[in-house]
Amino acid sequence: MPRIKIKEALELQPTPNINVKGWVRAFRSNRFIALNDGSYIHSIQIVLEDEKIPEEIVRKISIGAALSVKGALVESLGKGQKVEVLAEEIEVLGEANPEEVQKTILQPKKHSLEKLREQAHLRFRTNLFGAVFRIRHAMAFAIHNYFNKNGFYYLHTPIITGSDAEGAGEMFKVTNLPLENIPFNEEGKVDYSKDFFGKETNLTVSGQLEAELGAMALGQVYTFGPTFRAENSNTSRHLAEFWMIEPEVAFADLNDDMALSEDFMKYLIRYALENCKDDLAFLMQRELNEDKQKPKAQRNEMNLIERLEFIVTNDFERISYTEAIELLQRSKPYKKNKFKFPVEWGVDLASEHERFLVEKQFKKPVIIYDYPKEIKAFYMRNNDDGKTVAAMDVLFPGIGEIIGGSQREERLDVLKEKIKDFNIEEEHVWWYLDTRKFGTAPHAGFGLGFERLIMFVTGMTNIRDVIPFPRTPKNAEF
RNA sequence: GCUUCUUUAGCUCAGCUGGUUAGAGCACCUGACUGUUAAUCAGGGGGUCCAAGGUUCAAGUCCUUGAAGAAGCGCCA
């Protein structure tokens, strides 16, 4: 008798012989087992009849134990489920000592997210994290699906990089030099010629520059991989190791880029609505229960599924940076002096300003484009006004910046000028400049923070709860 | 990195202006229970009050420093 997944078993008509395997979530009245195998948010109920199962087996059944159960799938006499399994034979594959289980988050009670994070190796066993990580998988799958359907190629850019030009943040050094006996050169600096790669190397902060190289031949490419930032960021939406999706498209301008980002986000969210119904229903209910404990002002105006449907059915607002500044200067909080940070042309928008635009003014995703060139990266294309670059940020309610992108500077002379202004040495990016020498063309792309997407789709409010093993300052456990 | 808050039983928390033996619910253990689904009922065990130092006759409680966690800010995705 082959084992069948609990998700499938729950959809079957009654049948005399099935085998399910899973972990015990609850054992009530010495008679009812809730068994979960991760295939589904719901568990299946196993019923022990009379004295069919030997006492020494029953004694080993406790929360957390792994079981293989053979028996008949029958209509349930109880109210909580349609079908259940009358156990004929139970094999305890792995026991779980209750006194030790008690010290873990396996104990069947409500745990704080902080406590669950401390036991990240076990939190997969909870309904909440089961739902989150099934959705994380579905979103990764949908991303590949979207790009594949639209003629993009998945490009693997290096994780160890010799490029330090991106300027997206502090980098983690990669070395196998002996730290207790570092070789120095005549100038007293670290002699990287003796290092593994013969030069200074780091973990990547972005695959974009390499993705551009691919796009300038393959036409449309995307990266989807881990990214590393050694910033001392202590917030609920930053990780030192996170996953980023970076499409790059040849013969595209900023408008094409914005259109792609909107279509892409809508596709992913629609995919979740259509393919993760049960997990989303669970997460929505959980959020509603949490909200009941909160004062009205802090509750969500729409529930999780309503928020997702809203994204799919409404257009993103698009305004230029200049318009955004003017709008903020006409806003109530500005006039009442409620903003802590200055609002004037040339400064970067602070969280409070982005929040106002997204959550108060428009109440939907907002794309802000054409930023002052001084506050953006060297590779972004100069606009004709001489002041701005063809950059765009997609801001999502509750998350803030979820996507950052731009049309890239394709004109060799302008790019060289920009590189000089940003104090980057040309010989470090000779390979990047080559694409502008040999058949340069307009192109554009963006970066989507995968975990920020998962936060939005699941309604989780801390980024550490949407990645299995979060890497943050002072934390690299597991 | 900055600001604020938190740290007491396995978990979630209470513990007042410093004062005798530090409490509750859940969990755990023992027993009862053949339709439970946050099972229920009876009984029981369980504490380095985050760490170090200080003030005091007396510190879980006050002070200093540190650590860890959270929220917000900055950096960004």
Side-chain angles (χ1 to χ4, degrees), chain A residues 25-35 42-52 62-63 74 76-81 84 86 97-119 127 166-170 205-208 223 226-246 261 289 293 298 339-341 348-355 375-377 393-396 399-405 446-456 461-467 472-475 477:
Chain A
R25 287 286 180 82
F27 188 24
R28 288 180 284 267
S29 304
N30 237 17
R31 188 167 158 77
F32 302 100
I33 301 165
L35 198 70
H42 301 296
S43 299
I44 198 165
Q45 175 152 282
I46 312 294
V47 184
L48 310 190
E49 286 186 293
D50 301 323
E51 275 137 34
K52 207 169 249 175
S62 61
I63 287 162
V74 298
S76 178
L77 297 175
K79 278 178 185 157
Q81 55 283 315
E84 61 195 13
L86 293 181
N97 181 327
E99 290 190 39
E100 288 181 56
V101 163
Q102 191 211 181
K103 292 176 184 166
T104 72
I105 52 101
L106 295 177
Q107 71 165 267
K109 77 180 300 290
K110 206 184 161 196
H111 301 279
S112 65
L113 291 171
E114 291 82 6
K115 183 56 66 180
L116 288 158
R117 228 170 274 152
E118 286 170 17
Q119 298 180 34
N127 282 336
E166 228 284 328
E170 283 294 308
V205 291
S206 163
Q208 182 205 310
T223 73
T227 318
F228 307 87
R229 306 261 167 104
E231 300 285 346
N232 190 11
S233 294
N234 295 290
T235 82
S236 54
R237 43 181 210 290
H238 289 87
L239 291 165
E241 175 182 293
F242 65 101
W243 288 65
M244 188 152 66
I245 299 99
E246 296 176 288
S261 70
N289 294 341
Q293 319 289 323
Q298 288 172 30
F339 288 136
K340 283 190 184 136
F341 289 87
D348 211 349
L349 298 177
S351 298
E352 57 178 358
H353 308 135
E354 296 180 349
R355 277 238 162 105
I375 58 174
K376 289 290 182 183
D393 284 351
V394 181
L395 311 178
F396 258 47
I399 309 285
E401 188 178 340
I402 197 164
I403 282 176
F446 62 79
L448 165 67
F450 188 49
E451 283 76 19
R452 291 190 182 172
L453 169 71
I454 307 304
M455 286 173 77
F456 187 78
T461 53
N462 191 314
I463 200 164
R464 299 170 183 105
D465 297 327
V466 297
I467 188 168
T472 53
K474 298 275 159 61
N475 180 16
E477 193 64 55

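Chain letters run A, B, ... following the sequence lines, proteins first, then strands; residues in each count from 1.
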Go through [options] for me and flag the one nearest to the [X] side chain.
X: A:I463; options: B:rC29, B:rC73, B:rA77; result: B:rA77
X: A:R117; options: B:rG74, B:rG69, B:rA70; result: B:rA70
X: A:R452; options: B:rA77, B:rU36, B:rA70; result: B:rA77
X: A:R31; options: B:rG35, B:rU36, B:rG74; result: B:rG35
X: A:E84; options: B:rA77, B:rU36, B:rC29; result: B:rU36

Using the [atom1] atom on both, measure [N] against [M] and round to a whole Å.
N: B:rA39; M: B:rC28; atom1: P; value: 10 Å
N: B:rG47; M: B:rA24; atom1: C1'; value: 15 Å
N: B:rU34; M: B:rU48; atom1: P; value: 40 Å
N: B:rG10; M: B:rC62; atom1: P; value: 23 Å
N: B:rC63; M: B:rU4; atom1: P; value: 14 Å
N: B:rG19; M: B:rU56; atom1: C1'; value: 12 Å
N: B:rG15; M: B:rA22; atom1: C1'; value: 8 Å
N: B:rC13; M: B:rA27; atom1: C1'; value: 14 Å

What is the distance from [atom1] of [X] to [atom2] of [N], rounded to the nearest Å?
X: A:I375; N: B:rC76; atom1: CD1; atom2: P; answer: 9 Å
X: A:N127; N: B:rA38; atom1: CG; atom2: P; answer: 12 Å
X: A:E100; N: B:rG10; atom1: CD; atom2: P; answer: 14 Å
X: A:I63; N: B:rA38; atom1: CD1; atom2: C1'; answer: 11 Å
X: A:F27; N: B:rG35; atom1: CZ; atom2: C1'; answer: 14 Å
X: A:E114; N: B:rC5; atom1: CD; atom2: C1'; answer: 13 Å
X: A:K474; N: B:rG66; atom1: NZ; atom2: P; answer: 12 Å
X: A:I33; N: B:rU34; atom1: CD1; atom2: C1'; answer: 15 Å

If you take atom types as modelled and just measure distance, does the side chain of [X] reach the base of [N] with a donor-acceptor pair under 3.5 Å?
X: A:R28; N: B:rC33; answer: no
X: A:R229; N: B:rA77; answer: yes
X: A:S233; N: B:rC75; answer: yes
X: A:E49; N: B:rU34; answer: no

Task: A:N30 vs A:Q81, nearer the 5' end of RNA chain B by closest nucleotide - done: A:N30
Using a 4.0 Å heavy-atom cut-off, does [X] contact any base of the nucleic acid, only the sugar-phosphate backbone, or nothing at all?
X: A:L48; value: nothing
X: A:Q45; value: base
X: A:L77; value: base
X: A:G78; value: base
X: A:S351; value: sugar-phosphate
X: A:F341; value: sugar-phosphate

Open item on the list: With a 4.0 Å cut-off on N to O distance, would you call A:K115 and A:E118 a salt bridge?
Closed with: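 Yes.
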When you measure from the side-chain N and O atoms of [X] to the phosphate of [N], is any distance below 4.0 Å, counting only OP1 and OP2?
X: A:R355; N: B:rC73; result: yes
X: A:R464; N: B:rA70; result: yes
X: A:T235; N: B:rG74; result: no
X: A:R237; N: B:rA71; result: no
X: A:N462; N: B:rA71; result: yes

Report the base-pairing partner of [N] (Watson-Crick or G-U wobble, both distances below 3.5 angstrom), or none.
N: B:rU56; result: none
N: B:rU21; result: none
N: B:rC41; result: B:rG31
N: B:rA14; result: none
N: B:rG1; result: B:rC73
N: B:rG46; result: none
N: B:rA67; result: B:rU7

Task: Heavy-atom side-chain proximity of A:E100 to A:Q102 below 4.5 angstrom - done: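 No, side chains not in contact.
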Open item on the list: Are A:I467 and A:L239 packed together at the side-chain level, in the sense that at least one heavy-atom pair is separated by less than 4.5 angstrom?
Closed with: yes
Task: Value rounded to 0.5 Å, distance of CD1 in A:I399 from CZ in A:R355 - done: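 One gets 9.5 Å once the value is rounded to the nearest 0.5 Å.
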Open item on the list: If I take atom CG from residue A:N475 and atom CZ from residue A:R117, how far apart are they, to the nearest 0.5 angstrom?
Closed with: 9.5 Å
Distance-only, no hydrogens or angles: does the [X] side chain make a donor-acceptor pair with backbone N or O of [Y] under 3.5 Å?
X: A:S206; Y: A:Q208; value: yes
X: A:H111; Y: A:K109; value: yes
X: A:E84; Y: A:S76; value: no
X: A:Q107; Y: A:V101; value: no
X: A:S233; Y: A:T235; value: no

Atom pairs under 3.5 Å, N or O on each side, protein against nucleotides 11-13 of chain B: can you list them with distances?
from: B:rC11; atom 1: OP1; to: A:K115; atom 2: NZ; distance (Å): 3.0
from: B:rC11; atom 1: O2'; to: A:K109; atom 2: NZ; distance (Å): 3.3
from: B:rC11; atom 1: O2; to: A:K109; atom 2: NZ; distance (Å): 3.1
from: B:rU12; atom 1: OP1; to: A:S112; atom 2: OG; distance (Å): 3.0

Open item on the list: Checking A:F446 now: which residues fulfil ring pair (Phe, Tyr, Trp, His ring centres under 6.0 Å) with it, not counting sequence neighbours?
Closed with: none
Open item on the list: Under 5.5 Å centre to centre and under 30° between planes: does that hold for A:F32 and the six-membered base ring of B:rG35?
Closed with: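 So no, this residue does not stack on that base, at least one cut-off failing.
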TODO: Taking all heavy atoms of A:F242 and all of A:R229, pick out the closest pair and write down the distance.
DONE: CE2-CG, 3.6 Å
